[in-house]
*Asks:* 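Next up is a structure, given as structure tokens.
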Protein chains: 2
Amino acid sequence: MSRITLDEAAALLKQHDRFKILTHTYPDGDTLGCAYALCYALRKLGKQANIAVDGKLPSKFGYLAESYEEQDFAHEYVVSVDVAAASLLGESVMEGVERIDLCIDHHGSNSLEADNVYVDSSAAAAAEIIYQLLEPLGVELDENIAGGIYTGISTDTGCFCYTNTTPRTHRIAAAVMPYCDWQQINYINFVIKSRAKIKIERMLLETMEFYAGGQCAIVYTTVAMCEALGAGDDEMEGLASIPRQIEGVKMGITMREKAGGVFKISVRTNDGIDAAEFCKKFGGGGHPAASGCSVEGDLGTVKRMMIDAAEEYLR
Amino acid sequence: MSRITLDEAAALLKQHDRFKILTHTYPDGDTLGCAYALCYALRKLGKQANIAVDGKLPSKFGYLAESYEEQDFAHEYVVSVDVAAASLLGESVMEGVERIDLCIDHHGSNSLEADNVYVDSSAAAAAEIIYQLLEPLGVELDENIAGGIYTGISTDTGCFCYTNTTPRTHRIAAAVMPYCDWQQINYINFVIKSRAKIKIERMLLETMEFYAGGQCAIVYTTVAMCEALGAGDDEMEGLASIPRQIEGVKMGITMREKAGGVFKISVRTNDGIDAAEFCKKFGGGGHPAASGCSVEGDLGTVKRMMIDAAEEYLR
């Protein structure tokens, strides 16, 4: 395994011909935006490339795949995009994959085993890296590639709002906007909400409790709540950002019950509180201001564990 | 009255020395960001400049005024920023003002009477124009000026999300970010919510009704609701964007009762529905996707008027 430069990553992509591009579980706008943008770019160079997504492509990101058809070939080179750790590679994604040849990522905590690793933790989104690869690859922007890049950088920065945004992020947005329907991408990712989503948000707000003198806000959804409202994965996205918004809250914890008695926990922080370190206690990780973990147990027990841990952590 | 160029506007600013800068009623991030950025820029050139705000500076924008102190002088030149019409100039703002010498604005519908008018309707925010004036004025960016410009462009574009955003908007953001605490500005304007605000949002959602086959969503707040929740002007900001977010909604109408039996109506639209034309029927106006008007009457009557007008307009 070796850490390589951006130009070396571009050279490796140029040297190979039949690609499989891996995305992470619970695929988001960045891993998908990267995968589609890179796939379209490689195909533009006359290469073959396919994308592996865990489960179904979330319907809201259907626009990314409008020009995509699975190609029939045996891959010789495997690239992962925005995948920080082996545990984030779903079983179906890893089918037929023996090793990862090239890992492209922006998580400083990246621990994925790959022959070649390019990590730029100053990139707000891995899609910034895909944009920077275009020039050394000799690929010109088009609607498909620009749409993937805009999707990745806008979703990973909360539409240029989060603190990971940099001047480079804005410059890349300025460069790709003329090529893609960014208005529609923003509408899909940041504006539109289904009536079910509005309802689940209202219900989530009703569960909100404050601890650690108001520094910690905790909310939850259960399988039963989601079933009652007809809320699926699409409706659940973005809920994690809600508790952190409240005045005085330094740590917002969103607990989401999944089938099988497991809670998916999302932690969002302000004021330099390290969410990744907090989640590490529960076998999780992520970014300093946005991390996650999974905890087994019933609602009362898991909630108590999180509250106790948060009160100790914020003391 | 004459329409002038950007360079002519800069020349007029250079030629004069004692400025009064006028902002519009219900001051928002753009009119205030422009006023403070321009004021700091003029003072940097050794000139005297004061800002006139209708009522108190909204507390959330207090950071703009941290380096501002009222100067004692008699103004000789009056500049308005982001003021689209004479009706948007409050009485206290117009005290001692006989005429407006220079109007700087980005509203295509601008109708303000001023000796010299510079309107660039391609600017997402008037603050883009203030940024462009810096070079011909020979003023370098600093924290105060950059903070005003970032505030104007980020708030008028919903943090680079609305369809008025352009590549230029992003390029200006990239240019000013290194000089100001944009993270804190975003936190104040787009992240933090008081507990009272969360409550008023929940209450607003409970008033939501759909008309015109789901194409129109209407919500309201009353004086009594706000009093019950302790919600003031700060809490009411941004509510207008809520009804337009619902899937299928082309026109979102937010009715806010003010003291004295008047409703302030905000209209937000999708899919090319012209909100300005709709509001014109009620003596209001604004942008194609974001307009407003004021209507006198009780809740039931005003709501019925708006619903009838919307159903006819969307037919």
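First the proteins, then the strands, lettered A, B, ... as listed; each starts at 1.
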*Asks:* Counting heavy atoms not belonging to A:E311, are there more than 12 under 6.0 Å from its CD?
*Replies:* yes
*Asks:* Specify which of B:R202, B:R171, B:R195 makes the most heavy-atom pairs with chain A at under 4.5 Å.
*Replies:* B:R195
*Asks:* Does A:E140, at its CD atom, have more than 12 non-hydrogen atoms belonging to other residues, nucleotides or ligands within less than 6.0 Å?
*Replies:* no
*Asks:* Take the angle between the ring planes of A:F160 and B:F160 and call it parallel below 30°, perpendicular above 60°, tilted in between.
*Replies:* perpendicular
*Asks:* Please rank B:C161, B:S154, B:S194 by heavy-atom pairs under 4.5 Å with chain A and give me the top one.
*Replies:* B:C161
*Asks:* Need one label for A:F210: side chain, backbone, both or neither, based on atoms under 4.5 Å from any heavy atom in chain B.
*Replies:* side chain
*Asks:* Any chance OH of A:Y63 has more than 12 other-residue heavy atoms, nucleotides or ligands included, within less than 6.0 Å?
*Replies:* yes
*Asks:* What part of A:N270 gets within 4.5 angstrom of chain B, counting heavy atoms only: side chain, backbone, both, or neither?
*Replies:* side chain
*Asks:* Sort out for me which of A:A174, A:G248, A:P178 touches chain B most, counting heavy-atom pairs under 4.5 Å.
*Replies:* A:A174
*Asks:* Would you mind checking which part of B:Y187 comes under 4.5 Å of any heavy atom in chain A, side chain (CB onward), backbone (N, CA, C, O), both or neither?
*Replies:* side chain
*Asks:* Atom CG of B:L205 and atom CD1 of A:I198: how far apart are they, to the nearest 0.5 Å?
*Replies:* 5.5 Å
*Asks:* Check A:M177 against B:T165 and note the closest heavy-atom contact, atom names and distance.
*Replies:* CE-O, 3.8 Å
*Asks:* Which region of B:V249, side chain (C-beta onward) or backbone (N, CA, C, O), has a non-hydrogen atom less than 4.5 Å from a non-hydrogen atom of chain A, or is it both or neither?
*Replies:* backbone
*Asks:* So for atom CD, which belongs to A:E135, do other residues, nucleotides or ligands contribute more than 12 heavy atoms lying within a distance under 6.0 Å?
*Replies:* no
*Asks:* Can you tell which part of A:T166 gets under 4.5 Å to a heavy atom of chain B, answering side chain, backbone, both or neither?
*Replies:* backbone
*Asks:* Only pairs of heavy atoms separated by less than 4.5 Å count here; which of B:K193, B:E206, B:H170 has the most with chain A?
*Replies:* B:H170
*Asks:* Tell me which one of A:E247, A:R244, A:Q245 satisfies side chain to side chain contact (heavy atoms under 4.5 Å, CB included) with B:I192.
*Replies:* A:E247
